[in-house]
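Quick note on labels: first sequence line is chain A, next is B, and so on, each numbered from 1.
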2 protein chains.
Amino acid sequence: MPKATVERLPLYLQCLQAMGDVESTVSSEELANTAGVNSANVRKDLSYLGSHGVRGVGYNRLELCDQLRRALGLIEKWSVVIVGIGNLGSALANYRGFDASGFNVVGLYDADPAKRGHQVDGHYVKSMDDLKLDIKEHDVSMAILTTPAAAAQGVADLLIEAGIQSILNFAPSLLKVPNEINCRQVDLATELQILSYYQAAHQA
Amino acid sequence: MPKATVERLPLYLQCLQAMGDVESTVSSEELANTAGVNSANVRKDLSYLGSHGVRGVGYNRLELCDQLRRALGLIEKWSVVIVGIGNLGSALANYRGFDASGFNVVGLYDADPAKRGHQVDGHYVKSMDDLKLDIKEHDVSMAILTTPAAAAQGVADLLIEAGIQSILNFAPSLLKVPNEINCRQVDLATELQILSYYQAAHQA
DNA sequence: ATTCGCTTGTGAAACGAATCACGATGCCCA
DNA sequence: TGGGCATCGTGATTCGTTTCACAAGCGAAT
Ligand SMILES: NC(=O)c1ccc[n+]([C@@H]2O[C@H](COP(=O)([O-])OP(=O)(O)OC[C@H]3O[C@@H](n4cnc5c(N)ncnc54)[C@H](O)[C@@H]3O)[C@@H](O)[C@H]2O)c1
Ligand SMILES: NC(=O)c1ccc[n+]([C@@H]2O[C@H](COP(=O)([O-])OP(=O)(O)OC[C@H]3O[C@@H](n4cnc5c(N)ncnc54)[C@H](O)[C@@H]3O)[C@@H](O)[C@H]2O)c1
């Protein structure tokens, strides 16, 4: 499945879920409009799912949701840990939207002993020493990284050694990871800078 | 300038800054390695800046940083407001990394009167009624949107009416905005779902 | 049954971006 | 001063993605 397609599937899922239960069927045209893409593109994307729409009618909404979830590997819930429980890490730990999208936060970790008393969203913040064992024991395969940039690579190495296979990194630092590890970067400053470019260009 | 290039410029800037002051000159090869892209790609990207590297030597690091900043419109600081001061909004308001990247948070806004007493990072949380006037008065052109998804479109409309030109939206909801408004979406759930896809695929 | 209108699925074409490959060029040192 | 080396700048090529265009298929209406 093309990379570009994979990155659009969550968008389709989101659009379909936002439609509410009124419609039992959607056309590629309709989905394309709400998702902001070309309808042929939608059809080609969905064709990779082995999905069968009905000509003249469209796609069954619920069935399509189900197929998207299956394709994305969201049938089973993934267990996730968060490392670095500062401003951002705490906000993420408190976020209620994980569950709905197929993820389950099972542990919070921080290097700072001062954070350890704290409890965030029902989880005690644990020490980095607990990390490895917890990951192995609970078969955790995803981690969210919200430490300062300087600590990110070290923590990533630790996570990988412990058996983590996917990392979502919020620290503004490019992680070096082995090929078989999935890693995505979310960088606020980058996003703002891209906006800055277009805005500056627009004004000139 | 190609869209793909624009999205890489902040990365180059970040890499160059992370290099420290040891090196006064960098080759495209070196920059390519730290940024994780092809060196020819780096050269082509930088050629759009009208940048002049020196054959046989490389690019002057500081000069290149400067050119990147200029191209991205980061010479002057942009004023930014944050709307929706809940978990995530507060974390962003507390974030110290804005300044370094060329942005300046000038106001926090929330619809909930209960939030108004609070002070976050030296800013009082203000009412939505103040938003429009503040934006006009201080010539604010960028906004960060961290309200619940249901409120996002309404707030976006308000912001645009008040004169905002770029929006960074963290709510999981696709905003409908006029063509001339720049809008970027950061969606945590989407990112995790993409990771989920690759991990599930890898295991199968 | 047959026709009509709509929507899918997909080959072909167009497009944009990444990569290759190499000539051009500046620096350093003998 | 000239030769060698490193690196840039960029045309040509390849690759991946998007869009177009239309035949095929289904359902509904007559
Ligand atoms: N806060 C934001 O809005 C924001 C926005 C964009 C990016 N970021 C990035 O996200 C990261 C976190 O930001 P923040 O504002 O939450 O910072 P923070 O300082 O509030 O939190 C960082 C946490 O990481 C912990 N930590 C430090 N070293 C560690 C280690 N080696 N192992 C485990 N934990 C460690 C600290 O104890 C602290 O609790 C930073 O890299 C920042 O650049 C933050
Ligand atoms: N917290 C996270 O980690 C996280 C992660 C990903 C995405 N998000 C998204 O970011 C958004 C904010 O998340 P949160 O956890 O901070 O939620 P939150 O409920 O803590 O904060 C939302 C804030 O928005 C304010 N608000 C509501 N309606 C408003 C309106 N019409 N105008 C102005 N302000 C309004 C509320 O008073 C509240 O303070 C949500 O859309 C959420 O889905 C959050």
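- Looking only at atom types and distance, the side chain of B:Arg43 has a donor-acceptor partner in the side chain of B:Ser28 under 3.5 Å away.
- Between A:Asn60 and A:Thr25, the side chains place no donor N or O within less than 3.5 Å of an acceptor N or O (distance only, hydrogens not considered).
- Rounded to whole Å, the distance from CG on B:Asn60 to P on C:dG26 is 17 Å.
- The interatomic distance linking B:Glu29 (CD) with C:dT19 (P) rounds to 13 Å, in whole Å.
- For A:Lys176, the NZ atom counts as loosely surrounded, since its 6.0 Å shell holds 12 or fewer non-hydrogen atoms of other residues, nucleotides or ligands.
- For the residue pair B:Tyr109/B:Asp134, the side-chain donor-acceptor check at 3.5 Å is satisfied.
- Of the residues in residues 34-42 of chain B, those lying under 4.0 Å from DNA chain C by heavy-atom distance are B:Asn38, B:Ala40, B:Asn41.
- Residues from residues 3-18 of chain B placing a heavy atom under 4.0 Å of any atom in DNA chain C, listed by number, are B:Lys3, B:Ala4, B:Arg8.
- A donor-acceptor contact under 3.5 angstrom links the side chains of A:Asn169 and A:Gln185, judged on distance only.
- A:Arg61 places a side-chain N or O within 3.5 Å of a backbone atom of A:Gly20 that can act as its donor or acceptor partner.
- With A:Asn94 contributing its side chain and A:Ser90 its backbone, the two residues share a donor-acceptor pair below 3.5 Å.
- In this structure, the CG atom of B:Leu46 is 10 Å from the C1' atom of D:dC8, given to the nearest Å.
- Between the side chain of B:Lys44 and the base of C:dT19, a donor-acceptor pair under 3.5 Å is found.
- Side-chain N/O atoms of A:Ser28 include none lying less than 4.0 angstrom from OP1 or OP2 on C:dT7.
- Here the side chains of A:Leu46 and A:Tyr12 are in contact, with some heavy-atom distance below 4.5 Å.
- Residues B:Val83 and B:Ile144 are not in side-chain contact: their nearest non-hydrogen atoms beyond the backbone lie 4.5 Å or more apart.
- For the pair A:Tyr48 OH and D:dG16 P, the computed distance is 11 Å after rounding to whole Å.
- Between A:Ser27 and B:Pro2, it is A:Ser27 whose nearest contact on DNA chain C lies nearer the 5' terminus.
- With hydrogens and angles left out, the side-chain atoms of B:Ser141 and A:Gln199 include a donor and acceptor closer than 3.5 Å.
- Residues meeting the side chain to side chain donor-acceptor pair (under 3.5 Å) test with A:Ser196, sequence neighbours left out: B:Trp78.
- In this structure, a donor-acceptor pair under 3.5 Å is present between the side chains of A:Thr5 and A:Asp45.
- Each end of the helix from C:dA1-D:dT30 to C:dA30-D:dT1 gets its own axis from five base pairs, and the two axes differ in direction by 0°, given to 10 degrees.
- The CG atom of A:Asp45 sits 10 Å away from the C1' atom of D:dT18 (whole-angstrom rounding).
- Side-chain polar atoms of B:Asn87 and A:Tyr95 form no donor-acceptor pair below 3.5 angstrom.
- Under the side chain to side chain donor-acceptor pair (under 3.5 Å) criterion, the residue pairs touching residues 145-162 of chain B are B:Lys132-B:Glu161, B:Gln153-B:Asp157, with sequence neighbours excluded.
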Notebook entry, point to check: How does protein contact run along nucleotides 22-30 of chain D, one letter per nucleotide 5' to 3', with B for base contact, S for sugar-phosphate only, - for none, heavy atoms under 4.0 Å?
Noted result: --BBBS---
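- Taking atom NE2 on A:His52 and atom P on C:dG9, their separation rounds to 7 Å, with Å as the unit.
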